[in-house]
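Below you'll find the structure, written out as structure tokens, and then a few comments.
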Amino acid sequence: MSYTRVTLTHSLLDEQRRLGRSGTFTSLMQDIVTACKMISHEVNRGAMAGNLGLAGSENVQGEDQKKLDVLANDIFLRMNALGGNYAAMASEELEDVHVVHGSADGRYLLLFDPLDGSSNTDINISVGSIFSILRLPDGADPGAKGTFLQPGAKQVAAGYALYGSSTMMVLTTGNGVNGFTLDRDVGEFYLTHPDMRVTPDTGEFAINASRSRFWEAPVKRYVDECLAGTDGPRGKDFNMRWVASMVAEVHRILCRGGVFLYPMDAGNKAKGGKLRLMYEANPMAMIVEQAGGLASTGRQRILDIAPGGLHQRVPVMLGSAAEVERLVAYHAEYDGGR
Ligand code: AHG
Ligand code: MN
Ligand code: MN
């Protein structure tokens, strides 16, 4: 029963008191929560509200925008501007920084992927929203892209909403990871998954295997060894999953372990990979590390990357620590000519 559970608001207030934080942080998280509830509603209504299909436009990445990409972006921009906590925002769907006018007090920067996995909207498969919160450095210009280009280790909070068979919000403010489930009738998120942890070992991996002809040798070696199962060097069978929604893959990993790979390969090398550093890789890396897992490009910790651009892409390998360590070791052996 919901009324015996802690709400997301109470969980944030509790953290605020324990860590001696100002109420600003709780207030700015509330704006994100409201935006995600609205997006959840729109995703859930789907075809009934005419929300499926293409918008007829392209985003800065040259990708066709879905109607829900545009709608989710508008909701995020509007809800998070109203509270006056953010000085500026950056989105997958916007080429440039969006300055929040009239928010002289805004001390934070918000980066987001308003709808992740949007190829799944028309087929009723899980999608999500991803967000990352940075501080506005003293004296910095919120309208300058450079102000946003801070390494992921500087994030003050990160999270995602998962619009799946139930809607969930998974958050970290740097003190572990908590998961909340939306009770639609009450309109509240309740703490259902306290202190989520990624199991160190796993028998499950996720990669888009249709790209295997493009993979680098260390990635190919890792996947081949998993596929060889009990007959191979790993000596055990592995299971494979690919939802094509990073939010859904990361959520599965937080719930039952696993490893997720979107490597740089010969097909996406010119762009640097597929996933975007600032609003996909960084927030997910913070969540996974806060839950005891690891996140790497194969050659560098994601959270240590010095960003070069708002829409920069990076290779991503994250999840159970032992598997990510193995991937990093395979890359090092390969680079060292072994
Ligand atoms: P987005 O919908 O925000 O563009 O992100 C989609 C991303 C990610 O969620 C997913 O893991 C990956 O792209 C799917 O890629 P494939 O189409 O290669 O499967
Ligand atoms: Mn995405
Ligand atoms: Mn997206």
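Remember, it's 1-based here, ligands and their atoms both numbered in the order they're listed. All values reported here derive from a predicted model rather than from experimental measurement. Residue numbers count from 1 along this sequence.
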Discussion item. Could you tell me if the side chain of N59 sits less than 4.5 Å from the side chain of E95, heavy atoms only?
Written reply: no
Discussion item. Check for me whether the distance between the ring centres of F260 and W242 falls short of 6.0 Å.
Written reply: yes
Fill in: Stacked cation flag R21 on F25, 6.0 angstrom / 45 deg
yes
Practice prompt. Give, for atom CE of M284 and atom CD1 of I302, the distance between the pair rounded to the nearest 0.5 Å.
Written response: 12.0 Å
Worksheet item: Thinking salt bridges, do D265 and K269 make one under a 4.0 Å N-O criterion?
Response: no
Practice prompt. Could you list all the salt bridge (Lys or Arg N to Asp or Glu O under 4.0 Å) pairs where at least one residue sits in residues 212-224, not counting sequence neighbours?
Written response: E216-R299, K220-D224, R221-E225, R221-E333
Worksheet item: So which protein N/O/S atoms does the Mn ion (ligand 2) have within less than 2.8 Å?
Response: D113 OD2, D116 OD1, E280 OE2
Tabulated below should be the N or O atoms of ligand 1 paired with protein N or O atoms at under 3.5 Å; can you produce that?
| unit_1 | atom_1 | unit_2 | atom_2 | d |
| --- | --- | --- | --- | --- |
| ligand 1 | 2 (O) | G117 | N | 2.8 |
| ligand 1 | 2 (O) | S118 | N | 2.9 |
| ligand 1 | 2 (O) | S118 | OG | 3.3 |
| ligand 1 | 3 (O) | E92 | OE1 | 3.0 |
| ligand 1 | 3 (O) | D113 | OD1 | 3.4 |
| ligand 1 | 3 (O) | D113 | OD2 | 3.0 |
| ligand 1 | 3 (O) | L115 | O | 3.4 |
| ligand 1 | 4 (O) | E92 | OE2 | 3.3 |
| ligand 1 | 4 (O) | R276 | NH2 | 3.2 |
| ligand 1 | 5 (O) | D116 | OD1 | 3.2 |
| ligand 1 | 5 (O) | E280 | OE2 | 3.4 |
| ligand 1 | 9 (O) | D116 | OD1 | 2.7 |
| ligand 1 | 9 (O) | D116 | OD2 | 3.2 |
| ligand 1 | 9 (O) | M246 | N | 2.8 |
| ligand 1 | 18 (O) | N208 | ND2 | 3.0 |
| ligand 1 | 18 (O) | Y262 | OH | 2.5 |
| ligand 1 | 19 (O) | N208 | ND2 | 3.2 |
| ligand 1 | 19 (O) | W242 | NE1 | 2.9 |

Worksheet item: Hey, are R252 and E204 close enough for a salt bridge, meaning a charged N less than 4.0 Å from a carboxylate O?
Response: yes
Fill in: Pair F76 + F112: ring centers closer than 6.0 Å
yes
Item to complete: Apply salt bridge (charged side-chain N to carboxylate O under 4.0 Å, His left out) to E289 and list each qualifying residue two or more places apart in sequence or on a separate chain.
Response: R301
